[in-house]
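Only heavy atoms go into these numbers, but all of them, side chains included; no hydrogens, no water, no symmetry mates. All values derive from a computational prediction rather than experimental measurement.
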Amino acid sequence: MTGVPSPTTLRQHDWVPRGGPERRLRNWTPLGADTLGLGRVLGPPATDGEVAVAAWSPGGPDVGVAARELAALVGGWLRDHPDDGTRLVVVTRGPVLARVGDSPVHTGAWGVLRCALAAHPGRFAMADVDGSPESLPAMCRAVAAGEPELAVRGGRVFVPRLVPAGSATPTSEDVVLVVGAVEGAGGVLARHLAARPRTGRVVQCAADAPGELDDLARTVPLTAVVVAAADPAHLWAVHERTRELGLSRFVVLSTAAGVTGAPGAYRRAAAGAYADAVVRHRRAEGHAGTSLAWGPWAGCLPRPDPVERDWWSRLGVAQLSTIQGLRVFDEVWDSDGAVLVPLTGPTGSTPDADLPAALRDRLPSAT
(Lines give C-alpha, C1' and ligand atoms only; values in the text may rest on other atoms or scores of the structure.)
Protein backbone atom coordinates (compact mmCIF):
# COMPACT_ATOMS: atom_id res chain seq x y z
CA MET A 1 0.00 0.00 0.00
CA THR A 2 1.20 3.50 -0.79
CA GLY A 3 0.29 6.81 0.84
CA VAL A 4 -0.95 9.65 -1.32
CA PRO A 5 0.70 12.95 -0.29
CA SER A 6 -0.61 14.61 2.86
CA PRO A 7 -2.49 17.94 2.87
CA THR A 8 -0.85 20.97 1.19
CA THR A 9 2.25 19.04 0.16
CA LEU A 10 4.27 20.56 -2.67
CA ARG A 11 6.32 18.01 -4.59
CA GLN A 12 8.55 18.05 -7.63
CA HIS A 13 7.94 15.68 -10.53
CA ASP A 14 11.33 14.19 -11.31
CA TRP A 15 12.97 11.16 -12.88
CA VAL A 16 14.87 9.01 -10.40
CA PRO A 17 16.93 5.80 -10.81
CA ARG A 18 14.74 2.74 -10.49
CA GLY A 19 15.39 0.25 -7.73
CA GLY A 20 13.71 -3.07 -7.08
CA PRO A 21 13.68 -6.48 -8.74
CA GLU A 22 13.88 -7.18 -12.45
CA ARG A 23 12.34 -9.98 -14.49
CA ARG A 24 12.72 -11.41 -17.96
CA LEU A 25 10.04 -10.36 -20.42
CA ARG A 26 8.47 -13.46 -21.95
CA ASN A 27 5.60 -14.15 -24.28
CA TRP A 28 5.71 -10.88 -26.20
CA THR A 29 4.47 -9.76 -29.61
CA PRO A 30 5.08 -6.64 -31.71
CA LEU A 31 2.18 -4.41 -32.67
CA GLY A 32 3.08 -3.99 -36.32
CA ALA A 33 6.66 -4.45 -37.49
CA ASP A 34 9.43 -5.02 -34.94
CA THR A 35 11.21 -1.76 -35.78
CA LEU A 36 12.88 -1.71 -32.36
CA GLY A 37 14.70 -4.99 -32.94
CA LEU A 38 13.24 -6.66 -29.86
CA GLY A 39 13.50 -10.05 -31.54
CA ARG A 40 17.29 -9.82 -31.19
CA VAL A 41 16.88 -9.18 -27.45
CA LEU A 42 13.97 -11.45 -26.52
CA GLY A 43 13.91 -14.10 -29.19
CA PRO A 44 11.00 -14.91 -31.52
CA PRO A 45 7.65 -13.29 -30.65
CA ALA A 46 4.57 -15.27 -29.61
CA THR A 47 1.38 -15.35 -31.62
CA ASP A 48 -0.66 -14.02 -28.70
CA GLY A 49 1.79 -12.47 -26.28
CA GLU A 50 0.88 -11.21 -22.82
CA VAL A 51 2.73 -8.01 -23.69
CA ALA A 52 2.45 -6.22 -27.04
CA VAL A 53 5.07 -3.60 -27.93
CA ALA A 54 4.45 -0.68 -30.28
CA ALA A 55 7.10 1.82 -31.40
CA TRP A 56 5.49 5.23 -31.79
CA SER A 57 6.47 8.71 -32.94
CA PRO A 58 4.22 11.67 -33.78
CA GLY A 59 3.37 12.35 -37.39
CA GLY A 60 4.10 16.08 -37.10
CA PRO A 61 4.98 19.00 -34.80
CA ASP A 62 1.44 19.70 -33.52
CA VAL A 63 0.86 18.31 -30.01
CA GLY A 64 -2.93 18.21 -30.51
CA VAL A 65 -2.57 16.07 -33.64
CA ALA A 66 -0.04 13.83 -31.89
CA ALA A 67 -2.38 13.38 -28.92
CA ARG A 68 -5.25 12.40 -31.22
CA GLU A 69 -3.00 9.92 -33.04
CA LEU A 70 -2.01 8.28 -29.77
CA ALA A 71 -5.59 8.35 -28.44
CA ALA A 72 -6.66 6.50 -31.60
CA LEU A 73 -3.96 3.87 -30.99
CA VAL A 74 -5.11 3.45 -27.38
CA GLY A 75 -8.79 3.30 -28.34
CA GLY A 76 -8.16 0.76 -31.09
CA TRP A 77 -6.16 -1.41 -28.73
CA LEU A 78 -8.94 -1.43 -26.13
CA ARG A 79 -11.53 -2.31 -28.77
CA ASP A 80 -9.43 -5.20 -30.09
CA HIS A 81 -8.37 -6.44 -26.64
CA PRO A 82 -11.23 -5.52 -24.29
CA ASP A 83 -10.87 -8.15 -21.58
CA ASP A 84 -7.91 -10.41 -22.37
CA GLY A 85 -5.48 -8.84 -19.89
CA THR A 86 -2.85 -8.12 -22.54
CA ARG A 87 -0.67 -5.09 -21.81
CA LEU A 88 0.35 -2.63 -24.51
CA VAL A 89 3.79 -1.03 -24.13
CA VAL A 90 4.26 2.13 -26.22
CA VAL A 91 7.92 2.97 -26.87
CA THR A 92 9.25 6.37 -27.91
CA ARG A 93 12.82 7.40 -28.59
CA GLY A 94 14.55 10.18 -26.72
CA PRO A 95 12.10 12.97 -25.87
CA VAL A 96 11.35 12.51 -22.17
CA LEU A 97 14.62 13.48 -20.48
CA ALA A 98 14.80 16.62 -22.58
CA ARG A 99 17.99 17.95 -24.11
CA VAL A 100 18.37 21.38 -25.66
CA GLY A 101 16.71 21.33 -29.06
CA ASP A 102 14.40 18.39 -28.36
CA SER A 103 10.76 18.91 -29.32
CA PRO A 104 8.25 18.75 -26.42
CA VAL A 105 5.61 17.19 -28.70
CA HIS A 106 6.53 13.57 -27.88
CA THR A 107 6.32 14.28 -24.17
CA GLY A 108 2.98 16.02 -24.54
CA ALA A 109 1.54 12.92 -26.12
CA TRP A 110 2.64 10.92 -23.07
CA GLY A 111 -0.20 12.65 -21.22
CA VAL A 112 -2.59 10.55 -23.32
CA LEU A 113 -0.92 7.33 -22.18
CA ARG A 114 -1.02 8.45 -18.55
CA CYS A 115 -4.78 8.93 -18.92
CA ALA A 116 -5.11 5.46 -20.41
CA LEU A 117 -3.20 4.05 -17.43
CA ALA A 118 -5.43 5.95 -14.99
CA ALA A 119 -8.58 4.61 -16.61
CA HIS A 120 -7.25 1.07 -17.21
CA PRO A 121 -4.62 0.17 -14.58
CA GLY A 122 -2.31 -2.62 -15.69
CA ARG A 123 -3.29 -2.45 -19.37
CA PHE A 124 -0.65 0.00 -20.62
CA ALA A 125 2.97 0.98 -20.11
CA MET A 126 5.18 3.60 -21.70
CA ALA A 127 8.92 3.57 -22.20
CA ASP A 128 11.35 6.06 -23.68
CA VAL A 129 14.72 4.73 -24.83
CA ASP A 130 17.92 6.11 -26.31
CA GLY A 131 20.13 4.42 -28.90
CA SER A 132 22.41 2.64 -26.43
CA PRO A 133 22.63 -1.14 -27.02
CA GLU A 134 22.08 -1.71 -23.28
CA SER A 135 18.82 0.23 -23.17
CA LEU A 136 16.39 -2.16 -24.89
CA PRO A 137 17.28 -5.13 -22.62
CA ALA A 138 17.01 -2.88 -19.56
CA MET A 139 13.63 -1.60 -20.74
CA CYS A 140 12.32 -5.13 -21.19
CA ARG A 141 13.39 -6.17 -17.68
CA ALA A 142 11.73 -3.12 -16.11
CA VAL A 143 8.51 -3.63 -18.08
CA ALA A 144 8.44 -7.31 -17.05
CA ALA A 145 8.73 -6.19 -13.41
CA GLY A 146 5.51 -4.19 -13.81
CA GLU A 147 6.89 -0.65 -14.11
CA PRO A 148 4.24 1.37 -16.03
CA GLU A 149 6.37 4.37 -17.04
CA LEU A 150 10.12 4.57 -17.55
CA ALA A 151 12.97 6.20 -19.44
CA VAL A 152 16.21 4.35 -20.21
CA ARG A 153 19.54 6.05 -20.86
CA GLY A 154 22.71 4.05 -21.39
CA GLY A 155 21.06 0.97 -19.89
CA ARG A 156 20.02 2.84 -16.71
CA VAL A 157 16.30 2.89 -15.93
CA PHE A 158 14.65 6.04 -14.58
CA VAL A 159 11.08 6.30 -13.30
CA PRO A 160 8.91 9.34 -12.56
CA ARG A 161 8.26 10.09 -8.91
CA LEU A 162 7.19 13.03 -6.76
CA VAL A 163 10.09 14.15 -4.59
CA PRO A 164 10.50 17.10 -2.17
CA ALA A 165 10.72 20.47 -3.90
CA GLY A 166 13.80 22.64 -3.48
CA SER A 167 13.72 26.23 -2.26
CA ALA A 168 14.90 29.37 -4.01
CA THR A 169 16.10 32.71 -2.69
CA PRO A 170 13.14 35.13 -2.47
CA THR A 171 13.48 38.07 -4.85
CA SER A 172 11.62 41.27 -5.54
CA GLU A 173 9.93 41.44 -8.94
CA ASP A 174 9.76 44.88 -10.57
CA VAL A 175 7.32 44.05 -13.38
CA VAL A 176 5.39 40.79 -13.70
CA LEU A 177 3.53 39.91 -16.89
CA VAL A 178 0.49 37.66 -16.46
CA VAL A 179 -0.59 35.94 -19.68
CA GLY A 180 -4.25 34.93 -19.58
CA ALA A 181 -7.77 36.33 -19.57
CA VAL A 182 -8.83 38.52 -16.64
CA GLU A 183 -11.94 36.43 -15.94
CA GLY A 184 -10.02 33.18 -15.33
CA ALA A 185 -7.02 32.13 -13.29
CA GLY A 186 -5.07 34.96 -14.93
CA GLY A 187 -7.23 37.55 -13.23
CA VAL A 188 -7.06 35.77 -9.88
CA LEU A 189 -3.27 35.64 -9.99
CA ALA A 190 -2.82 39.15 -11.37
CA ARG A 191 -4.79 40.59 -8.45
CA HIS A 192 -2.91 38.41 -6.00
CA LEU A 193 0.49 39.40 -7.38
CA ALA A 194 -0.42 43.09 -7.37
CA ALA A 195 -1.17 42.85 -3.64
CA ARG A 196 2.21 41.26 -2.81
CA PRO A 197 4.66 43.70 -1.23
CA ARG A 198 7.55 42.33 -3.33
CA THR A 199 5.82 43.03 -6.66
CA GLY A 200 6.35 46.44 -8.21
CA ARG A 201 3.86 46.33 -11.09
CA VAL A 202 1.64 43.76 -12.82
CA VAL A 203 0.72 43.93 -16.50
CA GLN A 204 -1.54 41.49 -18.31
CA CYS A 205 -2.20 40.35 -21.87
CA ALA A 206 -4.11 37.57 -23.59
CA ALA A 207 -2.29 34.45 -24.75
CA ASP A 208 -3.52 34.92 -28.32
CA ALA A 209 -2.24 38.51 -28.63
CA PRO A 210 1.35 38.18 -29.90
CA GLY A 211 1.53 41.81 -31.00
CA GLU A 212 0.61 43.05 -27.53
CA LEU A 213 3.14 40.67 -26.00
CA ASP A 214 5.87 41.93 -28.34
CA ASP A 215 5.03 45.53 -27.45
CA LEU A 216 5.24 44.79 -23.72
CA ALA A 217 8.51 42.90 -24.10
CA ARG A 218 9.97 45.84 -26.04
CA THR A 219 8.70 48.74 -23.90
CA VAL A 220 8.34 47.34 -20.34
CA PRO A 221 11.29 46.00 -18.29
CA LEU A 222 9.72 42.61 -17.56
CA THR A 223 11.38 40.59 -14.80
CA ALA A 224 8.89 37.71 -14.46
CA VAL A 225 6.19 36.04 -16.54
CA VAL A 226 3.23 33.95 -15.35
CA VAL A 227 1.44 32.01 -18.09
CA ALA A 228 -1.97 31.42 -16.55
CA ALA A 229 -3.71 30.20 -19.69
CA ALA A 230 -2.31 29.26 -23.08
CA ASP A 231 -2.70 26.40 -25.51
CA PRO A 232 0.52 24.64 -26.65
CA ALA A 233 1.08 26.86 -29.69
CA HIS A 234 0.59 30.07 -27.70
CA LEU A 235 2.75 28.81 -24.83
CA TRP A 236 5.61 28.14 -27.22
CA ALA A 237 5.16 31.63 -28.69
CA VAL A 238 5.36 33.20 -25.20
CA HIS A 239 8.50 31.16 -24.51
CA GLU A 240 10.18 32.28 -27.73
CA ARG A 241 9.22 35.94 -27.30
CA THR A 242 10.57 36.14 -23.73
CA ARG A 243 13.51 33.72 -23.76
CA GLU A 244 16.16 36.42 -24.12
CA LEU A 245 14.79 38.83 -21.49
CA GLY A 246 16.79 37.39 -18.59
CA LEU A 247 13.65 36.67 -16.56
CA SER A 248 14.01 35.65 -12.92
CA ARG A 249 10.71 33.73 -13.00
CA PHE A 250 8.75 32.02 -15.79
CA VAL A 251 5.83 30.16 -14.20
CA VAL A 252 3.32 28.17 -16.26
CA LEU A 253 0.00 27.03 -14.81
CA SER A 254 -0.38 23.43 -15.91
CA THR A 255 -2.40 20.44 -14.73
CA ALA A 256 -1.48 17.46 -12.59
CA ALA A 257 -3.28 15.34 -15.18
CA GLY A 258 -0.17 15.82 -17.33
CA VAL A 259 1.87 14.15 -14.58
CA THR A 260 -0.51 11.46 -13.35
CA GLY A 261 -3.06 11.14 -16.11
CA ALA A 262 -6.77 11.13 -15.27
CA PRO A 263 -9.70 9.23 -16.79
CA GLY A 264 -11.10 11.01 -19.82
CA ALA A 265 -8.73 14.00 -19.59
CA TYR A 266 -6.67 13.20 -22.72
CA ARG A 267 -6.64 16.70 -24.17
CA ARG A 268 -5.84 18.48 -20.89
CA ALA A 269 -3.23 15.89 -19.95
CA ALA A 270 -1.48 16.23 -23.31
CA ALA A 271 -1.44 20.03 -22.98
CA GLY A 272 -0.18 19.73 -19.40
CA ALA A 273 2.60 17.29 -20.24
CA TYR A 274 3.59 19.56 -23.15
CA ALA A 275 3.76 22.58 -20.82
CA ASP A 276 5.95 20.62 -18.42
CA ALA A 277 8.24 19.69 -21.31
CA VAL A 278 8.50 23.33 -22.46
CA VAL A 279 9.61 24.30 -18.95
CA ARG A 280 12.24 21.54 -18.88
CA HIS A 281 13.39 22.71 -22.31
CA ARG A 282 13.77 26.28 -21.02
CA ARG A 283 15.79 25.11 -18.03
CA ALA A 284 18.02 23.00 -20.28
CA GLU A 285 18.75 26.19 -22.23
CA GLY A 286 19.67 28.00 -18.99
CA HIS A 287 16.47 30.04 -18.66
CA ALA A 288 14.07 30.31 -15.70
CA GLY A 289 11.12 27.95 -15.82
CA THR A 290 8.64 26.31 -13.46
CA SER A 291 5.43 24.46 -14.25
CA LEU A 292 2.81 24.52 -11.50
CA ALA A 293 0.84 21.34 -12.22
CA TRP A 294 -2.40 21.86 -10.35
CA GLY A 295 -4.62 19.11 -9.07
CA PRO A 296 -8.21 20.19 -8.40
CA TRP A 297 -8.29 23.93 -7.56
CA ALA A 298 -11.37 26.15 -7.26
CA GLY A 299 -9.48 29.12 -8.70
CA CYS A 300 -8.17 27.40 -11.85
CA LEU A 301 -10.18 27.01 -15.06
CA PRO A 302 -10.99 24.74 -16.79
CA ARG A 303 -11.95 22.62 -13.82
CA PRO A 304 -11.93 18.81 -13.82
CA ASP A 305 -15.16 17.17 -14.94
CA PRO A 306 -17.10 14.92 -12.50
CA VAL A 307 -15.35 11.73 -13.66
CA GLU A 308 -11.91 13.23 -13.04
CA ARG A 309 -12.99 14.73 -9.69
CA ASP A 310 -14.27 11.32 -8.55
CA TRP A 311 -10.96 9.73 -9.57
CA TRP A 312 -8.97 12.29 -7.57
CA SER A 313 -11.28 11.72 -4.62
CA ARG A 314 -10.70 7.95 -4.72
CA LEU A 315 -6.97 8.68 -4.50
CA GLY A 316 -7.61 10.85 -1.43
CA VAL A 317 -6.96 14.18 -3.18
CA ALA A 318 -9.45 16.96 -2.42
CA GLN A 319 -9.97 20.26 -4.21
CA LEU A 320 -7.92 23.23 -3.09
CA SER A 321 -9.90 26.34 -2.25
CA THR A 322 -8.98 29.55 -4.05
CA ILE A 323 -7.17 30.83 -0.94
CA GLN A 324 -5.27 27.56 -0.49
CA GLY A 325 -4.23 27.72 -4.14
CA LEU A 326 -2.88 31.24 -3.77
CA ARG A 327 -0.83 30.16 -0.77
CA VAL A 328 0.56 27.32 -2.87
CA PHE A 329 1.38 29.81 -5.62
CA ASP A 330 3.37 31.90 -3.12
CA GLU A 331 5.26 28.76 -2.07
CA VAL A 332 5.99 27.92 -5.70
CA TRP A 333 7.24 31.46 -6.32
CA ASP A 334 9.94 30.85 -3.70
CA SER A 335 10.71 27.26 -4.77
CA ASP A 336 13.10 25.92 -7.35
CA GLY A 337 11.95 23.04 -9.51
CA ALA A 338 10.90 22.32 -13.07
CA VAL A 339 7.51 20.68 -12.45
CA LEU A 340 5.90 21.29 -9.05
CA VAL A 341 2.74 19.42 -8.04
CA PRO A 342 0.55 20.56 -5.11
CA LEU A 343 -1.79 17.88 -3.80
CA THR A 344 -4.04 18.23 -0.79
CA GLY A 345 -6.85 16.46 0.98
CA PRO A 346 -7.42 13.52 3.31
CA THR A 347 -4.63 10.99 3.16
CA GLY A 348 -5.64 8.06 0.95
CA SER A 349 -4.17 4.62 0.51
CA THR A 350 -4.34 2.43 -2.57
CA PRO A 351 -2.34 -0.47 -4.05
CA ASP A 352 0.72 0.48 -6.09
CA ALA A 353 -0.68 -1.33 -9.13
CA ASP A 354 -3.62 1.12 -9.23
CA LEU A 355 -1.55 4.27 -8.71
CA PRO A 356 -0.07 6.54 -11.38
CA ALA A 357 3.67 6.03 -11.70
CA ALA A 358 4.45 9.43 -10.17
CA LEU A 359 2.59 8.53 -6.97
CA ARG A 360 4.25 5.16 -6.46
CA ASP A 361 6.66 4.53 -3.54
CA ARG A 362 6.01 6.01 -0.14
CA LEU A 363 6.67 9.71 -0.41
CA PRO A 364 9.18 11.09 2.09
CA SER A 365 8.06 13.74 4.53
CA ALA A 366 8.65 17.35 3.53
CA THR A 367 11.62 18.95 5.23
Side-chain angles (χ1 to χ4, degrees), residues 13 56 58-75 90 92 95-96 98 102-119 126 149 160 178-181 184-186 189 206-210 225-241 250-283 289-297 299-305 307-309 311-312 325 332 338-342 356 358:
H13 181 242
W56 182 84
D62 186 296
V63 68
V65 173
R68 289 192 293 273
E69 290 172 354
L70 199 47
L73 175 65
V74 166
V90 178
T92 57
V96 173
D102 281 349
S103 168
V105 172
H106 270 82
T107 309
W110 270 44
V112 174
L113 290 171
R114 289 173 179 144
C115 289
L117 275 165
M126 60 194 88
E149 188 174 340
V178 177
V179 179
L189 289 176
D208 58 353
V225 170
V226 177
V227 184
D231 65 21
H234 290 135
L235 172 58
W236 188 256
V238 174
H239 154 64
E240 289 195 316
R241 284 174 160 81
F250 185 94
V251 179
V252 180
L253 266 61
S254 181
T255 171
V259 170
T260 64
Y266 294 113
R267 184 175 299 178
R268 289 201 315 113
Y274 177 87
D276 299 345
V278 170
V279 162
R280 295 186 194 277
H281 177 87
R282 283 183 60 89
R283 292 171 72 95
T290 295
S291 176
L292 174 49
W294 293 104
W297 177 37
C300 186
L301 298 174
R303 296 172 186 170
D305 65 20
V307 173
E308 186 179 343
R309 285 200 303 272
W311 180 78
W312 283 115
V332 167
V339 180
L340 300 179
V341 186

Kindly indicate whether the side chain of R283, heavy atoms from C-beta on, has any atom under 4.5 Å from the side chain of T290. yes

Can you check whether P296 reaches R309 side chain to side chain, under 4.5 Å on heavy atoms? no

Drop me the distance from L73's CG to R68's CZ, to the nearest 0.5 angstrom. 15.5 Å

How far apart are the closest heavy atoms of W236 and P104, and which atoms are they? CZ3-CG, 4.0 Å

With rounding to the nearest 0.5 angstrom, report the CG to CH2 distance, D305 to W311. 12.0 Å

What distance do R282 atom CZ and E240 atom CD have between them, rounded to the nearest 0.5 Å? 10.5 Å

Least distance between heavy atoms, A262 atom then A257 atom: CB-CB, 4.2 Å

Given L189 and L253, is the side-chain contact (heavy atoms from CB on, under 4.5 Å) satisfied, shown in steps? CA-CA 10 Å; L189 289 176; L253 266 61; 3.5 Å; yes

Any side-chain heavy atom of F250 sitting closer than 4.5 Å to one from V227? yes

I need the minimum non-hydrogen distance between A66 and P58, along with the two atoms involved. CB-CB, 3.7 Å

Atom pair CG/OG1 of L292 and T255 - distance to nearest 0.5 Å: 10.5 Å

Out of curiosity, M126 CE to W56 CH2, how far, rounded to the nearest 0.5 Å? 11.5 Å

Please round to the nearest 0.5 Å and tell me the distance separating atom CG of D276 and atom OG1 of T107. 9.5 Å

Test item: E69 side-chain N/O and G59 main-chain N/O as donor-acceptor pair under 3.5 Å: yes

Applying side-chain contact (heavy atoms from CB on, under 4.5 Å) to V252 and V278, what does each step give before you reach the verdict? CA-CA 9 Å; V252 180; V278 170; over 6 Å; no

For residues P342 and W297, determine if any side-chain heavy atom of one lies less than 4.5 Å from a side-chain heavy atom of the other. no

Do R280 and V339 touch side chain to side chain, with heavy atoms closer than 4.5 Å? yes

Can you name the nearest heavy-atom pair linking V63 to G108, along with the distance? CG2-CA, 4.0 Å

Tightest non-hydrogen contact, residues A270 and V112, listed as CB-CG2, 4.3 Å

W294 to G325 - nearest heavy-atom pair and separation: CH2-O, 3.2 Å

